[in-house]
Amino acid sequence: MEDKIKTRLLFVCLGNICRSPAAEGVMKKVLADRGMDAHFEVDSAGIGNWHEGELPDSRMRKCGAHRGYSLNSRARQFATADFKDFDYIFVMDNDNWKMLSQKTNNRNDMAKVKMLVDYADNHPQAKLIPDPYYGGEKDFEYALDLIEDAASGLANRLMEGRDI
Ligand code: 4NP
């Protein structure tokens, strides 16, 4: 019987069809490639509900497929219960952070919320993962560059038991 408690990671963006499902798919692969996947649950959610039930944006799916990721989660809206259900919640930008902070008065909830870009060790100047939704192919590629970098930095910290 599996009795080890898993660490639960949630990736959050605005629509849950571009950045956060990409982060979910990339993180799952990074953890699997390192043989760490049995110890983690990985999910994603959006602050809005406009795309509930949809697959990720076809542009992000295509961009991800070129890099070996299958991005096939279904969009869902962030729920207040997610603050309790997850150990760490990673957002893409300050707007995401602010919108989550408006959903709770509990300081412990917000202590779980981190900026994903802060783990992108090879992009020290980047302050956010920009929303590519209204952009072009280059914007999707850049978002994925940052997400891959951050997923790898995050996995390093998790593997080494460092602070998140
Ligand atoms: P995401 O991008 O937050 O990275 O999923 C967006 C997708 C859809 C919308 C906004 C951002 N939208 O307004 O529908």
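Both backbone and side-chain heavy atoms feed into the values below; hydrogens, waters and symmetry mates do not. We count ligands from 1, going down the list as the structure has it; atoms in each ligand are counted the same way.
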J.: Run the side-chain hydrogen bond (donor to acceptor under 3.5 Å, both in side chains) test against Glu54 and tell me which residues pass, sequence neighbours left out.
T.: His51
J.: Is the CD atom of Glu52 crowded by more than 12 outside heavy atoms at less than 6.0 Å?
T.: yes
J.: With sequence neighbours left out, what residues match Met110 under side chain to side chain contact (heavy atoms under 4.5 Å, CB included)?
T.: Phe83, Trp97, Leu100, Ser101, Thr104, Val113
J.: Going by side chain to side chain contact (heavy atoms under 4.5 Å, CB included), Leu128 matches just one of Asn96, Asp93, Asp95. Which one?
T.: Asp93
J.: Are more than 12 heavy atoms from other residues, nucleotides or ligands located less than 6.0 Å from atom CZ of Arg107?
T.: no
J.: Holding to side-chain hydrogen bond (donor to acceptor under 3.5 Å, both in side chains), I want the full list of residues that pass it with Glu141, two or more places apart in sequence or in another chain.
T.: Arg67
J.: When you pair each N or O of ligand 1 with protein N or O atoms, which pairs come out under 3.5 Å?
T.:
unit_1: ligand 1; atom_1: 2 (O); unit_2: Asp131; atom_2: OD1; d: 3.0
unit_1: ligand 1; atom_1: 3 (O); unit_2: Leu14; atom_2: N; d: 2.9
unit_1: ligand 1; atom_1: 3 (O); unit_2: Gly15; atom_2: N; d: 2.8
unit_1: ligand 1; atom_1: 3 (O); unit_2: Arg19; atom_2: NH2; d: 2.9
unit_1: ligand 1; atom_1: 4 (O); unit_2: Arg19; atom_2: N; d: 2.9
unit_1: ligand 1; atom_1: 4 (O); unit_2: Arg19; atom_2: NE; d: 2.7
unit_1: ligand 1; atom_1: 5 (O); unit_2: Gly15; atom_2: N; d: 3.4
unit_1: ligand 1; atom_1: 5 (O); unit_2: Asn16; atom_2: N; d: 3.2
unit_1: ligand 1; atom_1: 5 (O); unit_2: Ile17; atom_2: N; d: 3.0
unit_1: ligand 1; atom_1: 5 (O); unit_2: Cys18; atom_2: N; d: 2.9
unit_1: ligand 1; atom_1: 14 (O); unit_2: His51; atom_2: NE2; d: 2.8

